[in-house]
Structure formats: C-alpha cells, structure tokens
Undergrad: 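Quick one: structure below, then a few questions.
Proteins come first, then strands; the chains are lettered A, B, ... in the order of their sequence lines, and each starts at number 1.
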2 protein chains.
Amino acid sequence: MHQLPTERVFCRRTSTFEENASLMNVTIKDIAKMANVSYASVSRALNGKEGVSQATKTRILAIAQEMNYQPNEIARGLVKKQTLTLGLIIPDITNPFYPFLARGAEERANQAGYNLFLCNTNYQIENEIKYIQILIEKRVDGLIISPSSSQTERLEEKVRNALPIVYVSNAPQQTQNGFVVSNNTYGGFIATKHLIESGYDPIGFIGGFQGAGMVEDRLQGFRDAHRAYGMEVREDFVYLKDYHQETAYHLIQEMIRSRQIPKAIVAGNDILALGIMEGAKNLGFSIPADLAVVGFDDIPLASMEEIQLTTVKQPQYEMGSMSVDILVRLLENPADLKTKKVILDPQLIVRKTA
Amino acid sequence: MHQLPTERVFCRRTSTFEENASLMNVTIKDIAKMANVSYASVSRALNGKEGVSQATKTRILAIAQEMNYQPNEIARGLVKKQTLTLGLIIPDITNPFYPFLARGAEERANQAGYNLFLCNTNYQIENEIKYIQILIEKRVDGLIISPSSSQTERLEEKVRNALPIVYVSNAPQQTQNGFVVSNNTYGGFIATKHLIESGYDPIGFIGGFQGAGMVEDRLQGFRDAHRAYGMEVREDFVYLKDYHQETAYHLIQEMIRSRQIPKAIVAGNDILALGIMEGAKNLGFSIPADLAVVGFDDIPLASMEEIQLTTVKQPQYEMGSMSVDILVRLLENPADLKTKKVILDPQLIVRKTA
DNA sequence: GTGAAAGCGCTAACAG
DNA sequence: CTGTTAGCGCTTTCAC
C-alpha cells in the first residue's frame with residue numbers, strides 16, 4: 001500500500017494519450033479533432049472506404065490506435081439497422097443434446113461475424129415467447145429456435161414481420177420458415193429395422209412428451225418398420241410419457257413385474273434408454289440377452305465403455321451450424337429462398353445393447 | 001397453392017393499423033404523430049415517467065399497442081450507455097462442466113434483466129482476446145470469463161478501463177477483479193483425506209493442464225493431506241498432462257504394465273477418473289478393490305448407476321449465478337466493492353469407486 | 001403537463 | 001479527396 005510506485009512512473013510514456021483517452025470512450029469525433037479532419041473522413045478511414053488519401057488514412061489509423069479507439073457497434077447498428085447478433089433459443093443447455101448444437105451454431109455464427117444470445121426456456125412456451133420479445137427489442141438480426149412443442153402459432157405470430165427465424169431440431173409441420181431437423185421417421189425406422197432383423201420380437205416403444213412432433217415421427221418410423229416386415233405393432237408395448245430417466249426406469253420394472261415384456265425396446269432418447277437399462281438390470285435382466293435397447297441421440301454417455309448403447313445418432317453439431325448458415329444466408333440475401341429446409345438423416349450406431 | 005384465401009380475407013380487421021405498421025418498425029415518432037403529442041411525451045408514457053397526464057398516457061399506450069410498437073433497445077442503449085447485455089466467455093460448452101455454469105449465469109442474468117452472449121474459446125487465449133474485443137465493441141455492460149489459463153495479463157490489459165469483469169471457476173492469483181471459484185486446495189485435500197482414511201497407500205495424482213491454476217491447487221491439497229497424516233507424497237505417482245480421457249486411460253495402463261501402481265488415485269477431473277477406471281478395468285483390475293479412484297466436478301455421468309464415481313462436487317450452477325450476481329451488483333453500484341470475491345467449498349460425494 | 005431541441009456515436013448522401 | 005449535413009430511435013434537459 002505504501003510502496004512508492006517508482007517503476008510505474010519510470011515506465012510512463014511521455015505521451016499521455018492512451019491513459020487519458022481510455023478513461024472515457026473515445027469517439028470518431030475525438031479522433032477527427034486530433035487529426036484535424038472531419039469525422040466523416042475518420043469513418044471512411046476506419047471502415048476502409050473510398051474517399052480518403054492513403055496519407056490521411058494512415059495518419060487517422062495511427063491516431064485511432066494511439067487513442068485506443070474502440071468502435072461502437074451499437075451506434076453503427078443503429079444506423080445500419082443490423083446488430084450482427086442472433087438469438088439461440090433452446091429448452092435447456094444442461095440437456096446433453098444441446099451443447100453440441102449450441103457449439104455448432106456459435107462457431108458458424110462467429111465465422112459469419114455474428115454473436116449469439118443464449119436463451120434457455122426450460123421447455124416452457126411462455127419463456128420462448130418472453131425471450132422472443134426481448135430479442136426483438138434488442139433487434140437481433142435473426143433467431144434460431146428449437147421449440148419445445150409443435151404448437152408454434154404464437155411464436156410465429158410474434159415473430160411475423162419482425163425478424164427471420166429458422167427452426168432447429170424441432171419444427172412445426174407446415175411452416176413457411178426454414179428449418180434443420182433430423183429425419184425422425186427414418187430414425188425410428190432404422191432402429192426398429194435393426195431390432196427386427198436381429199430377431200427380436202415383440203418390440204416395444206417408450207417415448208417422451210407428446211406434442212413436440214419428434215416422438216410422433218419416431219413412433220411412425222417404428223410402425224413403418226413393422227409394416228415393412230409384415231409384423232403387427234404391439235400397442236400394449238407403446239408408451240408415450242416424458243423424458244425422465246426415472247419414468248423409463250419404473251416403467252420397465254412395472255412391465256417386468258407384470259411379466260408383460262417385449263424382447264426389445266426402442267427408446268425415445270438415450271436418457272430413456274439408460275433408464276430402461278438400469279431398471280431392467282436391477283431386476284436381474286441382462287442386456288441385450290433378456291432385453292435389447294436402442295436409444296436416440298448418441299449423447300456422449302452412450303459411447304462410454306460401461307454403457308455401449310446402440311443408438312440412432314443425430315448430427316447435433318451440424319444441425320446447429322446449418323441452421324445458422326441458413327439464417328445468415330437469408331439475412332444476406334432475403335430473396336434467396338432455396339436450401340431453406342433441410343432434413344438430415346440420422347445414423348444407426350450399433351454398440352452392445354442391441 | 002391455388003387455394004383461395006377465403007378465411008383470411010374474412011377474418012381481416014377493418015382497421016389496417018397493425019398490418020401496415022408492423023411491416024416497417026414503428027417508432028415513437030409514429031406514435032406521437034398518431035396521438036398528436038410530442039414524441040417526448042410518448043417516451044415518458046412508455047417509460048412510466050412523470051410528466052404526462054393519466055389521460056394522454058392511456059391514449060398513447062393504447063395507440064402503441066395498436067400499432068404493435070416494439071421499443072428499440074439499441075437506440076435506448078446508445079443514449080443510456082448501457083446494453084443490458086453481458087458476455088459469458090468459457091472454454092467449451094460441450095465440456096459437461098460448463099452447461100450448468102452457463103445455466104446458472106443465464107438464469108441470474110435474466111432475472112436481473114440482462115441477456116448473455118455465449119462465447120466458446122476452445123481453451124485458446126487468442127480466442128479469449130478476440131472475443132473480449134468483439135464484446136467491447138458491442139458494448140456489453142460486463143463480462144464473465146472462465147479463463148483457460150492463469151496467464152490473464154493480456155486479458156486484463158484489454159479489459160482495463162473498458163468494462164467490469166468477473167472471473168468464474170478459474171481466476172488469476174492476484175487479480176483486482178471479482179471472482180467465484182471453488183476451493184481447489186480444499187477439494188484436493190478432502191479427496192486425498194478420504195483415501196488415506198480408507199487405508200489406501202500409496203496414492204497417486206493424475207491431473208490436467210498445468211498453468212490454469214486449478215490443478216496446481218488440487219495437487220497442493222493432495223500434498224497437504226499427506227503431510228497432515230504424516231505420509232510422504234510419492235512423486236513418481238504424480239502426473240500432470242491434459243484433460244483427455246485417453247491420456248488417463250493409457251497412463252494407467254502403462255503404470256499397470258510396469259507394475260508401478262498406487263492403490264488409489266486422485267484424478268484432476270471426472271473425465272480423467274473415467275479414463276483411469278476404464279484403463280484399469282480393461283486390464284482386469286477391479287475398482288475399488290485393486291484401485292480406488294476419486295474424481296473432481298461431479299458431472300452427470302458420475303452419478304450414473306454404471307459408474308458411481310466418488311468425486312469432489314463443484315457447485316457449477318452456483319458459480320455461474322453468483323458470478324453474474326457480483327457483476328450485476330457492481331454494475332448497479334460501482335462503488336460497492338464488498339462480496340467481490342467468493343471461494344466456494346467443494347463437497348466430497350462418496351459413491352463406489354473409493 | 002407538454003413541447004422543442006440537443007445529443008448518444010455512427011453512416012451515408014450530397015456538395016464542393 | 002474532403003467537409004457538411006441529415007438522420008438512425010431514443011432519453012433528457014430546459015423552457016413554456
């Protein structure tokens with residue numbers, strides 16, 4: 001505390017530009033004054049535009065540097081009517097499905113010069129609407145949203161005429177907007193096909209929230225596969241509840257106790273698959289000998305040595321990056337309506353549970 | 001495509017306010033014109049400020065509603081010199097440690113009326129600097145950063161005089177800035193203490209990146225525990241490499257093959273612990289009988305039925321929310337320097353691997 | 001209670 | 001090549 005600041009004084013530069021200037025934000029006006037030019041010229045120099053001689057440009061840039069000038073994107077945004085900012089609205093970043101999606105989105109946004117607001121809605125449509133409102137007021141240039149349900153009328157109404165949006169991972173049936181989703185019907189199909197071809201019969205289905213669209217599609221694929229192989233769907237083995245691991249855990253145990261149990265199960269996602277596996281194992285079942293399980297998503301857990309879950313992998317990172325891609329393209333060329341909707345094929349990863 | 005839009009026409013309102021107005025953004029000037037008042041009055045009404053009669057206020061609000069007015073936070077920010085926006089700079093959201101931290105930060109920010117830019121740096125200091133620059137230009141009100149190393153001089157220099165920052169999860173030794181970290185020394189201590197008291201001897205340590213500060217502190221706790229129990233640290237069992245699961249996997253297998261192996265290991269984080277467990281198991285070791293393992297973090301994986309990892313839990317969510325808390329408090333009262341630095345005690349979760 | 005006017009920091013015509 | 005000027009949409013004095 002009482003130490004003399006010898007060194008600092010010693011090192012102080014003769015020019016006091018930097019120290020003073022950086023205390024309060026320096027603007028192009030300050031630079032203009034310093035350089036004896038109009039601030040239009042400063043703007044031109046700073047933005048590398050035509051209309052300044054190389055000489056003055058160099059001088060201006062040097063002064064800007066010296067004064068530690070930081071351009072104000074807010075002010076620029078006000079006149080250019082763009083913020084170089086996007087909103088990413090997802091249900092919950094702690095759900096292992098989303099971090100990769102978010103990463104893909106952020107990385108692509110960054111490449112294109114945009115930043116991303118992260119918004120978690122906790123699967124509440126009210127929060128989705130609240131966030132959309134906030135982001136409109138912040139004048140984000142566009143929105144990526146992974147809606148928690150396929151009831152998106154209220155979202156679309158809110159967003160209409162305000163800003164472009166693209167859906168990711170989940171999209172309403174008949175939207176005008178762009179989207180990137182995975183082919184859930186196909187995913188359900190290949191999961192079921194694999195089980196059928198491996199000789200499992202009958203096969204059950206344990207899925208999550210109805211109304212989001214995804215489960216319904218996966219179940220459709222499940223039915224399609226049965227039909228393709230001339231098999232009847234055992235409706236008493238089809239359950240749609242929620243995405244909690246415990247739900248699946250108890251459900252499977254109930255099934256086992258009542259001795260009404262299929263030889264294999266297609267789970268709505270990996271979390272449910274894990275619940276099923278644990279519930280069955282704890283009742284002495286062996287996986288896949290007594291019960292085969294296929295999950296959905298391929299979260300990092302699935303590939304763990306101890307788990308080795310056979311699952312339908314969704315390209316999460318790509319979904320994130322492609323959705324931003326579509327949005328940015330739309331922003332840069334509003335007329336370009338092609339490649340607006342993409343459906344990515346998921347991929348069956350065969351490990352040891354089926 | 002060729003369907004006549006009968007219904008839509010039928011439903012169209014006689015007033016065309018909304019349709020027209022929402023096409024291009026309506027401003028307070030538009031409202032003012034509509035209401036026959038100055039736009040100062042509109043501003044006052046909209047912000048619930050003194051200086052408008054209840055009557056005109058009501059009228060203005062009604063018109064604003066009718067015209068579907070959306071306040072422009074950018075313009076407001078320009079004059080108020082605040083954006084109600086914070087930056088969250090972390091290494092990698094796909095590292096399971098961060099989603100909870102991000103969630104805590106986002107939720108608290110949201111409560112305080114702020115939004116959060118999500119920035120992943122991939123553990124690159126250059127990216128940290130690049131992002132700080134961008135966020136300064138976007139005039140975020142403050143910054144939360146989880147630096148990838150304790151070499152933060154360049155960060156601090158960049159940030160100086162520009163905006164307040166608080167560190168989270170990792171902070172340089174001698175910073176003037178606020179931070180929220182966990183007591184890593186204590187964490188290393190209780191992990192080691194538990195192993196010692198359970199009779200394991202000798203005990204090894206496998207940690208990650210040096211230079212970030214965290215590993216060093218955990219190792220310090222490891223040493224402290226040995227000293228407290230009058231035990232020698234077996235330096236040949238102390239390894240500091242990186243945070244890749246494979247690294248730990250191969251390291252432990254090498255140790256086993258060379259028959260130089262401790263009875264227990266404190267791992268730098270849960271990922272490493274998992275690598276150790278798998279490496280050992282695959283060589284026929286039984287956990288914890290042949291080798292006990294304690295992890296660090298308590299990522300969701302750790303509590304899985306199949307894993308049951310004994311670990312030192314860090315309060316990730318709280319770290320996120322508290323760091324925003326400190327930052328917001330600082331923003332709202334720049335003079336308030338108390339409660340700026342918090343060190344949270346981690347907690348030993350005893351499961352089945354030690 | 002209300003309006004006029006200045007200005008936040010910047011870009012973009014439009015003149016010279 | 002350079003300067004002047006008019007905004008972007010809003011808040012905030014300062015008069016009336």
Undergrad: Listed by chain and number, what are the side chain to side chain donor-acceptor pair (under 3.5 Å) partners of B/R103, not counting sequence neighbours?
TA: A/D92, A/N122, B/E107
Undergrad: B/Q82 has an atom CD; how far is it from atom C1' of D/dT11, in whole Å?
TA: 12 Å
Undergrad: Across nucleotides 9-16 of chain C, 5' to 3', mark each nucleotide with B, S or - according to how protein heavy atoms within less than 4.0 Å reach it.
TA: BBBBB---
Undergrad: Does a side-chain N or O from A/T56 land closer than 4.0 Å to OP1 or OP2 of D/dC1, or not?
TA: no
Undergrad: Atom CD of A/E50 and atom C1' of D/dT2: how far apart are they, to the nearest Å?
TA: 14 Å
Undergrad: Does atom CD (A/E153) have a neighbourhood of more than 12 heavy atoms from anything else shown, all under 6.0 Å?
TA: yes
Undergrad: Tell me every residue that passes salt bridge (charged side-chain N to carboxylate O under 4.0 Å, His left out) with A/E318, counting only those two or more places apart in sequence or in another chain.
TA: none
Undergrad: Among all residues two or more places apart in sequence or in another chain, which pass the side chain to side chain donor-acceptor pair (under 3.5 Å) test with B/R44?
TA: none
Undergrad: Quantified as the angle between the terminal helix axes (five pairs each), what is the overall bend of the helix from C/dG1-D/dC16 to C/dG16-D/dC1 to 10 degrees?
TA: 50°
Undergrad: So, taking the atom named OG in B/S146 and the one named CD in B/E128, what distance separates them when rounded to the nearest 0.5 Å?
TA: 8.0 Å
Undergrad: With B/D141, which residues qualify under salt bridge (charged side-chain N to carboxylate O under 4.0 Å, His left out), at least two apart?
TA: none
Undergrad: Between B/E156 and B/N177, does any side-chain donor sit less than 3.5 Å from a side-chain acceptor?
TA: yes
Undergrad: Is B/S41 close enough to C/dG3 that one of its side-chain N or O atoms is under 4.0 Å from OP1 or OP2 there?
TA: yes
Undergrad: Can you find a heavy atom in the side chain of A/I144 that is under 4.5 Å from one in the side chain of A/L327?
TA: yes
Undergrad: Without decimals, in angstroms, what is the distance between A/K138 NZ and D/dC10 P?
TA: 16 Å
